[in-house]
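Read the numbers this way: they start at 1 and go in the same order the structure lists the ligands and their atoms. All of these numbers come straight from a predicted model, not from anything done at the bench.
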Amino acid sequence: MYNKLQYISQGNTIEEQLYNIQQALDAGCDWVQMRFKDQSAKNTFALAEAVKFLCEEYLANFIVNDDLYLAQQIAADGVHLGLSDMKIDEARAILGNTKIIGGTANTFEDIENHVKNGCDYIGLGPFRFTSTKEKLSPILGLHGYFEILQKLKKNKIKIPVFAIGGITLKDINPLMETGIYGIAVSGIITESDEKEKLIQQLNEKLYANVIV
Ligand SMILES: Cc1ncc(COP(=O)(O)OP(=O)(O)O)c(N)n1
Ligand SMILES: Cc1ncsc1CCOP(=O)(O)O
Ligand SMILES: [Mg+2]
């Protein structure tokens, strides 16, 4: 099963990205999504190769944001695709069944479609406003998660749902109570001065009800 905490990388240069990713891995993150927007193919490829190497060293999962062909080229563990990126069924046909394909959703219908098309997990959001991403879909808030997760349950749709967008430590308990599986975060980890402590606290809350 998937880790319940996914770190989405930040940084405007290869160096900044690598610094942030290494810090997150050192602090205990074991799932990284490389998100490097508006860059040349050369830079993105160079970063992806370096991140793949790092994640292998730390035994962390590594997925690529947006670019299925890059994920395929560097043999990443998978890809995360948004509503305006390549369609999930097309991606599945190209990547096969062994790779992770995550899909963005903002509504119950988005999730229904993703599940039909062979998606492995859902990034559902945004939970609240965040400056990490431009052009946000409508904000869901706790009530939005509650309604969508209830509808999934009613329709017997089972897929791990990760909450995303402006999430902080204090949001985890109420979010987990809605039935989500985990969270995908960027800002709180990138900006934290006490990453190890933060990741430990996040994991404690995320795994509080997991029986091993
Ligand atoms: C886990 C997760 N969920 C949602 C997103 C957002 O993807 P997308 O809508 O394609 O936006 P960009 O990240 O590409 O700007 C995500 N990246 N990860
Ligand atoms: C990529 C993405 N998609 C919806 S919100 C978001 C950004 C999440 O980052 P943060 O945790 O900093 O709000
Ligand atoms: Mg995208």
Peer 1: If I take atom NZ from residue K154 and atom NZ from residue K151, how far apart are they, to the nearest 0.5 angstrom?
Peer 2: 7.5 Å
Peer 1: With side chain to side chain contact (heavy atoms under 4.5 Å, CB included) as the test, pick out the partner of F127 among I167, L140, I139, T168.
Peer 2: I167
Peer 1: Among all residues two or more places apart in sequence or in another chain, which pass the side chain to side chain donor-acceptor pair (under 3.5 Å) test with N12?
Peer 2: none
Peer 1: Grab the two heavy atoms, one from G125 and one from S137, that are nearest each other, plus how far apart they are.
Peer 2: O-CB, 4.4 Å
Peer 1: Which residue and non-hydrogen atom of the protein lie closest to atom 2 (C) of ligand 1, and at what distance in Å?
Peer 2: H80 CE1, 3.2 Å
Peer 1: Sort out for me which residue in T44, I8, I63 forms a side chain to side chain contact (heavy atoms under 4.5 Å, CB included) with M34.
Peer 2: T44
Peer 1: Any idea which protein heavy atom is nearest atom 15 (O) of ligand 1, and the distance to it?
Peer 2: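 In this structure, atom 15 (O) of ligand 1 has R35 NH2, 2.8 Å as its nearest protein heavy atom.
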Peer 1: Is D110 reaching over with its side chain to a backbone N or O of T107, donor-acceptor style, under 3.5 angstrom?
Peer 2: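 Side chain of D110 to backbone of T107, a donor-acceptor pair under 3.5 Å: yes, one is there.
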Peer 1: Out of all atoms in ligand 1, which are within 4.0 Å of some heavy atom of D85? Include the element for each.
Peer 2: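 Every atom of ligand 1 under 4.0 Å from some heavy atom of D85: 10 (O).
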Peer 1: With rounding to the nearest 0.5 angstrom, report the CD1 to CG distance, I180 to L152.
Peer 2: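 Answer rounded to 0.5 Å: 12.0 Å.
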Peer 1: Touching ligand 1 at all, K37? Heavy atoms, strictly under 4.0 Å?
Peer 2: yes
Peer 1: In terms of atom number and element, which parts of ligand 1 are under 4.0 angstrom from non-hydrogen atoms of Q6?
Peer 2: 1 (C)
Peer 1: Could you list which atoms of ligand 1 come closer than 4.0 Å to a heavy atom of A184?
Peer 2: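 Every atom of ligand 1 under 4.0 Å from some heavy atom of A184: 1 (C).
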Peer 1: Roughly how far, to the nearest 0.5 Å, is the CD atom of Q10 from the CZ atom of F36?
Peer 2: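 Going from CZ on F36 over to CD on Q10, the span is 12.5 Å.
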Peer 1: Apply the ring-ring contact (aromatic ring centres under 6.0 Å, His included) test between W31 and each candidate in Y7, Y2, F62; give the one that qualifies.
Peer 2: Y2
Peer 1: Ignoring angles and geometry beyond distance, decide whether Q33 reaches within less than 3.5 Å of ligand 1 through its nitrogen or oxygen atoms.
Peer 2: yes
Peer 1: List the atom of P126, the atom of P138, and the distance in Å for their closest heavy-atom pair.
Peer 2: CD-O, 3.5 Å
Peer 1: Which protein N, O or S atoms does the Mg ion (ligand 3) have within a distance shorter than 2.8 Å?
Peer 2: D66 OD1, D85 OD2
Peer 1: Quick check on the hydrophobic clustering: are I122 and I88 connected, directly or via other members, by side-chain heavy-atom contacts under 4.5 Å?
Peer 2: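 No, no single cluster joins them.
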Peer 1: May I ask you to say whether D66 pairs ionically with K37, meaning some side-chain N is under 4.0 Å from a carboxylate O?
Peer 2: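 Counted as a salt bridge, because a side-chain N and a carboxylate O are separated by less than 4.0 Å.
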Peer 1: Counting each atom of ligand 1 from 1 as listed, which ones have a heavy atom of G82 under 4.0 Å away?
Peer 2: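 Going through ligand 1 atom by atom, the ones under 4.0 Å from G82 are 8 (P), 9 (O), 10 (O).
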Peer 1: Ignoring hydrogens, just give me the one of T104, D66, I183, N65 whose non-hydrogen atom is nearest atom 9 (O) of ligand 1.
Peer 2: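 Minimum heavy-atom distance to atom 9 (O) of ligand 1 goes to T104.
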Peer 1: In the protein, what heavy atom is nearest to atom 11 (O) of ligand 1, and what distance, to one decimal place, separates them?
Peer 2: K133 NZ, 3.0 Å
Peer 1: Identify the two heavy atoms, one from A184 and one from I164, that lie closest to each other, and give their separation to 0.1 Å.
Peer 2: O-CG1, 3.6 Å
Peer 1: Going by the side chain to side chain donor-acceptor pair (under 3.5 Å) test, which pairs reach into residues 76-105, not counting sequence neighbours?
Peer 2: H80-T104, H80-Y121, R92-D120
Peer 1: Could you list which atoms of ligand 1 come closer than 4.0 Å to a heavy atom of I8?
Peer 2: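 Going through ligand 1 atom by atom, the ones under 4.0 Å from I8 are 18 (N).
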Peer 1: Examine distances only and state if a side-chain atom of Y145 and a backbone atom of P174 form a donor-acceptor pair shorter than 3.5 Å.
Peer 2: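 It does not hold such a pair.
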Peer 1: How would you list, by chain and number, the residues with a heavy atom under 4.0 angstrom from ligand 2?
Peer 2: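 Under the 4.0 Å cut-off, ligand 2 touches R35, T130, T132, K133, I164, G165, G166, V185, S186, G187.
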